Amino acid sequence: MPADKVMTRRSLLGAAGTAGLLLPALGGLSAPANAAAPAKGPQVPGFYRFKLGQFEITILSDGSYELPTTLMASNRPREELTSLLAENFLPTETRTSHVNIPLINTGSELILVDVGGGPSWQPTAGRLTENLRAAGYKPEDIDKVVLTHGHPDHIWGLIDEFEEAPRFPNATYYISAREWDFWTTNEAAEKLADAFKGFAVGAKNHLPPLAEKTTRVTKSGTEIAPGIIAEFTPGHTPGHMSLIVNSGGQTLIVSADCVTHPYVSFQHPGWWPRTDLEQDVAEGTRRKLLDMAATDKAMMLVYHISFPGLGHVARAGNAYRWVPAMWQWRI
Ligand SMILES: [Zn+2]
């Protein structure tokens, strides 16, 4: 954009009454790639660390990916969804889904909860390993990997396809027995809609090679480590699992994909994402988890909300409101 068209602070203030002028001007502010000061491009907040009681938790970004908004509320008229998105200044056709993965240091163990999508899921995701290294750890350091469910953005980072070996070679693995069976038999291929059948193929590449290192959790409430409890939260997938993390009187609910959007999931827990396999079961689970988080005033980690995905759940009328928590901690 020519220099004489760039808006100064003075002209922005002058244009405040004509909001329509503001957007094209702001859209032209990024420098082109061949400029003397080229833009760097990708966003880089790769990890975010905080304390929960005695535990140190690092949220690692696996990157993000785009989804069509047609997947977001299959049981509601499309206009209801698009007007909610527009009211919140979000695009109405696609949504950007972040992938926020917690690494819990209990003081004696490093526990990673899901492993991201690896290099073959999405070009804008699969960054977990580089962000893990940026946070000061190596893949070999991980003691336990808990898998919340078998979707690609959560498990396709398990096997390094170049090395044909586990990416976290010294870890033992945990997944619910129901989830393991769903993805390692033909059940997933039979039950998934056509658009999602590729998920079943990928799961069969990533889970069976780890069979001998994997504990299949059969009971909700099982302790993965002192203070870390696996709760069955079915619906998104049949054996979906969340974690309740307790330390020093503080609680973090690792919700995985029970909630996926900062407005839709909280203001309208009855709107059914098409990515939930058993949608009525998922709604029941979502309502239970939101009620628990609001009642207990527990912190929640949401995987697909803007990085780092940490916040609280407040009651709002008959539903809820997402309250991001990132400003509560010093950098
Ligand atoms: Zn997911």
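Computed from heavy atoms alone, side chains included, the values below leave out hydrogens, waters and symmetry copies. Here the structure is a predicted model, which is why all the values come from computation and not from measurement. In each ligand, atom 1 is the first atom listed, and ligand 1 is the first ligand listed.
Taking the six-membered ring where the residue is Trp, the centroids of H154 and H236 are separated by 6.0 Å or more.
Defined by atom type and a distance below 3.5 Å, a donor-acceptor pair is present between the side-chain atoms of R78 and T69.
When all heavy atoms of N170 and E140 are compared, the pair lying nearest together is ND2-O, 3.0 Å. G227 and E223 make their closest contact through N-OE2, 3.6 Å (heavy atoms, listed as atom of the first residue, atom of the second, distance).
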Give every donor-acceptor pair under 3.5 Å between a side-chain atom in residues 188-202 and any protein atom, sequence neighbours left out.
| from | atom 1 | to | atom 2 | distance (Å) |
| --- | --- | --- | --- | --- |
| K191 | NZ | E187 | OE2 | 2.6 |
| K197 | NZ | A189 | O | 2.7 |
| K197 | NZ | L192 | O | 2.7 |

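Under the 4.5 Å side-chain criterion, counting only non-hydrogen atoms from C-beta, P238 is in contact with E179.
Protein N/O/S atoms nearer than 2.8 Å to the Zn ion (ligand 1) total 4.
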